[in-house]
Chemist: 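Can you keep this structure in mind? I'll have questions shortly.
Note that the coordinates shown come from a computational prediction; the quantities given were computed from them, not determined experimentally. These numbers come from the heavy atoms of this one structure, side chains and all, not from hydrogens, waters or symmetry mates. First the proteins, then the strands, lettered A, B, ... as listed; each starts at 1.
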Amino acid sequence: MNRKVLKTLNEVEHWLGSFLAMETNLIIGFDTETTSLDYLTQELVGISFCFNTNSCYIDIIDNPEKEGILDFLRNFFKYKKIDMLIGHNISYDLKVLGKYNIYPHPDCKLFCTQTAAHLINENLPKNLTFLAGKYLSINLKSWNKVKMYGWHSQEFYNYGTEDAESTYKLFQIQYPLLKLQNLTDLFFNVEMPFLKVKIDLETHGILIDKEKLDELKQEMIKIISDLKIKMCEAGDIEYWVETNLMGQKEMIISFNFNSSQQLVNLITNKLNLEIKEQTDNGNPSTSEKSLKQINGQHPFIDLLLQYKKATKLSNAFVEPFHKFIDSDGRIRCSWQNTIAVTGRIICSNPNLLQLPRKNDLIEIPYEFRSCFIAPKGKKIVSMDYVGQELCWLAEVTQDQNLINTIKEGKDLHLTTAKTVFNLDIPDECLKINHPDYPMFKKKYKKQRHIGKNGINFPLIYGKSSYGIAKDFNITEEEAKRWIDSFFSLYPDVKKSIAACHKQIDETGEVTDWFGRKRRLLSDFPTETSTDISNKYRAYRQGFNFLVQSPSASQMKLAATNVKNLFDAWNKSNDNWEAKTILMIYDELVYEINEEYAEVSADFVRDEMEDCVKTSVPFTIEAGIGQNYAETKI
DNA sequence: GGCTGCGAGACTCG
DNA sequence: TCACGAGTCTCGCAGCC
């Protein structure tokens, strides 16, 4: 490898310029180094490139010619002769470069080696150090160690250059592997275009109403304190109040309500109640499900259930969210497309995919979700796929009855309930737009709940009659009857599940509608109970994958198309100023100028409904509000 | 005695 | 066999200095 360190504009122009002068289109590996991971404050330290057997590191931070070099890079990246840019976790590098207004040409293909690794084998680690070791036998140094030598050390230059080189070499190995496994379509048409949405999500973030969050924090402190006193009284637990060094009153309790061990001891020995549920290790369980079984037998239990709800909301959401708010009042979390084996994107620091919904256990002045707001003059718009996974169940199994039920616009959960429980509902009243539908939905609320949470969804997850019987406190025979009625309604679903199991037996893997693969255990010797357990687990995971995975890919495609639509409108005279701010499984949330909120929903609906050509129609539900909670009313 | 790491258990979401 | 896919918090124990 012919390595260079470039420190002057002249050297940069000469080295990169020599590539641009070539006849061929360019495929370039690159990597950026930054001062920190924090988007608002981070600075570009340097950038490295690799092309065939040539590599370089450009020293940027503290460089007197920095502006000239950045200007040159601005032109270099948008040069249309660059066919493909390769990077490991390339969205990170592009996000950093975006801060300096450096963008690739719109026609330039992206190749993220981290995403490629995830498609090639979802079960292996995806970090560059591991991949370089596995595929290239290169032992990469650790960032923390190299950083100690300083930004301008030879060690750091080598480190940066080696990353670009490894990325380029990985591409040379991964590209044929993607082709071999028929994954290039999914990679280039779904995963890579989606990275631009990921960058939008991470750079734009979502605005928080800090005052409201503070108000909710104070309210939660009061609710929890009141509950603690009531629990002490109900459980005959000693407590007293002391004034601390700051002059604040503090409640001292000789008991920890967060300790499951102490709770089990109190409930069984002092309150004399019998806990029936057990944890995986065979200990008595203090979970919500377990406590609900003995609720009503002692006032302490109801208070404890409220306490658990309140402390979870306070400790996991209201309190910690403060520290994630950036100086401009927005939260920018980290989104990842290479963790979930089903291709779903996941979110962390904080995880916005698990924002609590409205609860009916404790009374709070407003929902937590209402702290997520649109700035003045803008609105939040939320667009949901209606029953997305059940629609994919229909598409994947091609069950004509299920497809027809969806096409006719019927409520799938009520339809299942009608069949299983022989409900007296005329067929046409199962249609959501029929005037009598709301009446029947209300009348058979309980049966519909079972249809949804006891039959439809559990069967996608592979739940057995044993599990359903346990959850709904019915006999296994009755649970079996529920399942049989479901399969008599949708016989091809049953056939499809059996075919999936056969596929797993034969090949050890399944492939979804978009070509994504899930590699499960390849052989199942059946001597031990562990083997049998693993086999059935693989069956459940396999079929669930066939439904969950295309839903995730569809969301990525939809989000990408919607982003392209926004980009076009944002550049037009009617500037929408629209940005995607959240992607929550089957839901796309964006922020937009309020005058365009209504009309944009229609355009976005079209993009979401039509992004995949399926025999099953997809429908979208829209919600508009000043805050996120309002979009759900 | 205090710090750190880790597994268990519980809870959040679709 | 006994529900799929995730992240985060607290407790309590083990190991270390």
Chemist: Which nucleotide, C:dA3, B:dC13, C:dC4, lies nearest any side-chain atom of A:Q548?
Modeler: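 It is C:dC4.
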Chemist: Please state how far atom CD in A:Q278 lies from atom P in B:dG9, giving the value in whole angstrom units.
Modeler: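 After rounding, the gap between these two atoms is 11 Å.
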Chemist: Is there a side-chain polar atom (N or O) of A:N315 under 4.0 Å from OP1 or OP2 of C:dC9?
Modeler: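 Result: no.
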Chemist: So, is A:R518 close to the C:dC4 phosphate, meaning a side-chain N or O under 4.0 Å from OP1 or OP2?
Modeler: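 No, A:R518 has no side-chain N/O under 4.0 Å of OP1/OP2 on C:dC4.
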Chemist: Counting only N and O atoms by type, is there a donor-acceptor contact under 3.5 Å from the side chain of A:T507 to the main-chain atoms of A:Q503?
Modeler: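 Side chain of A:T507 to backbone of A:Q503, a donor-acceptor pair under 3.5 Å: yes, one is there.
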Chemist: Go through B:dA10, B:dT12, B:dG14 for me and flag the one nearest to the A:K308 side chain.
Modeler: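 The closest nucleotide is B:dA10.
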Chemist: If we ignore hydrogens and angles and just use 3.5 Å, is the side chain of A:Q336 paired with the main-chain N or O of A:I345 as donor and acceptor?
Modeler: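 Pair absent, no side-chain N/O of A:Q336 close to backbone of A:I345.
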Chemist: Could you tell me whether the phosphate oxygens of C:dA3, OP1 or OP2, come under 4.0 Å of any side-chain nitrogen or oxygen in A:N453?
Modeler: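 No, outside the criterion.
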Chemist: Taking only side-chain N and O atoms of A:N283, does any of them lie within less than 4.0 angstrom of OP1 or OP2 on B:dG9?
Modeler: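 The answer is yes; a side-chain N or O of A:N283 sits under 4.0 Å from OP1 or OP2.
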Chemist: Check whether the side chains of A:T115 and A:E191 place a donor and an acceptor atom closer than 3.5 Å, and report yes or no.
Modeler: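 A:E191 and A:T115 do not have a side-chain donor-acceptor pair below 3.5 Å.
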Chemist: When you get a sec, tell me which of C:dA6, C:dC9, B:dA10 is the closest nucleotide to the side chain of A:V341?
Modeler: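 In terms of side-chain proximity for A:V341, the closest of C:dA6, C:dC9, B:dA10 is C:dA6.
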Chemist: Main chain of A:K556, side chain of A:T560: is a donor-acceptor contact present, judged purely on distance under 3.5 Å?
Modeler: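 Checked: pair present.
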Chemist: Select one nucleotide: of C:dA3, B:dG14, C:dC9, the one nearest the side-chain heavy atoms of A:A316.
Modeler: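 Closest nucleotide among those given: C:dC9.
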Chemist: Quick one: does A:R332's side chain have a donor or acceptor within less than 3.5 Å of a partner on A:I325's backbone?
Modeler: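 No: the side chain of A:R332 does not pair with the backbone of A:I325.
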Chemist: Between P on C:dG5 and CD1 on A:I346, what's the gap in Å once rounded to a whole number?
Modeler: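 So the CD1-P distance, A:I346 to C:dG5, works out to 14 Å.
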Chemist: Which nucleotide sits closest to the side chain of A:K312: C:dG5, B:dA10, C:dA6?
Modeler: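 Taking heavy atoms from C-beta onward, the closest nucleotide is B:dA10.
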Chemist: Which listed nucleotide (B:dC13, B:dG9, C:dG7) is nearest to the side chain of A:R369?
Modeler: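 Between B:dC13, B:dG9, C:dG7, the one nearest the side chain of A:R369 would be B:dC13.
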Chemist: Tell me whether the OP1 or OP2 atom of B:dA10 has a side-chain N or O from A:S285 closer than 4.0 Å.
Modeler: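 Checking B:dA10 against A:S285, a side-chain N or O does come within under 4.0 Å of OP1 or OP2.
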Chemist: Strictly below 4.0 Å: does A:K289 bring a side-chain N or O up to OP1 or OP2 of B:dA10?
Modeler: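 No, because none of the side-chain N or O atoms of A:K289 sits under 4.0 Å from OP1 or OP2 of B:dA10.
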Chemist: Return the value, rounded to whole Å, for the distance between atom CD1 of A:I497 and atom C1' of C:dC4.
Modeler: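 Taking CD1 of A:I497 and C1' of C:dC4, I get 13 Å after rounding.
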Chemist: Answer yes or no: side-chain N or O of A:Y461 and base N or O of C:dG5 forming a donor-acceptor pair under 3.5 Å.
Modeler: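 Answer no: no donor N or O sits under 3.5 Å from an acceptor.
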Chemist: Rounded to whole Å, please give me the gap between CD1 in A:I275 and C1' in B:dA10.
Modeler: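 Going from CD1 in A:I275 over to C1' in B:dA10 covers 14 Å.
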Chemist: Could you please name the option among C:dA3, C:dC11, B:dT12 that lies closest to any side-chain atom of A:K463?
Modeler: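 Given the options C:dA3, C:dC11, B:dT12, the side chain of A:K463 is closest to C:dA3.
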Chemist: Answer yes or no: does a side-chain N or O of A:S260 lie under 4.0 Å from OP1 or OP2 of B:dA10?
Modeler: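 Indeed not, no polar side-chain atom of A:S260 lies that close.
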Chemist: B:dT12 P sits how many Å from A:I364 CD1, rounded?
Modeler: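 Those two atoms, CD1 and P, are 12 Å apart.
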Chemist: Under a 3.5 Å distance rule, please check whether A:S285 uses its side chain to pair with a backbone N or O of A:S287 as donor and acceptor.
Modeler: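 Checking the backbone N and O of A:S287 against the side chain of A:S285, a donor-acceptor pair under 3.5 Å is found.
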Chemist: Main chain of A:Y628, side chain of A:T631: is a donor-acceptor contact present, judged purely on distance under 3.5 Å?
Modeler: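 Checked: pair present.
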Chemist: Taking atom P in both C:dC2 and B:dG9, what distance in whole Å separates the two?
Modeler: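 Going atom to atom, P in each nucleotide, I get 16 Å.
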Chemist: What is the separation between atom CD on A:Q388 and atom P on C:dG5, rounded to the nearest whole Å?
Modeler: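 Distance check: A:Q388 CD to C:dG5 P gives 17 Å.
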Chemist: Of the candidate nucleotides C:dA3, B:dC13, C:dA6, which contains the atom at the shortest distance from the side chain of A:P356?
Modeler: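 So the nucleotide nearest the side chain must be B:dC13.
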Chemist: With a 3.5 Å cut-off and just heavy-atom distances, do the side chain of A:Q354 and the base of C:dG7 make a donor-acceptor pair?
Modeler: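 Counting by modelled atom types and ignoring angles, a donor-acceptor contact under 3.5 Å is found here.
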Chemist: Below the 4.0 Å mark, does C:dC4 have OP1 or OP2 next to a side-chain nitrogen or oxygen of A:R540?
Modeler: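 Checking A:R540 against C:dC4: at least one side-chain N or O falls below 4.0 Å of OP1 or OP2.
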Chemist: Taking only side-chain N and O atoms of A:N281, does any of them lie within less than 4.0 angstrom of OP1 or OP2 on B:dG9?
Modeler: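 Yes, such a contact exists.
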Chemist: So does A:T342 get a side-chain nitrogen or oxygen closer than 4.0 Å to the phosphate oxygens (OP1/OP2) of C:dA6?
Modeler: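 For C:dA6, OP1/OP2 do not have a side-chain N/O of A:T342 under 4.0 Å.
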Chemist: Determine whether a donor-acceptor pair (one donor, one acceptor, N or O, separation below 3.5 Å) exists between the side chain of A:Y536 and the base of C:dC2.
Modeler: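 Result: no qualifying N/O pair found.
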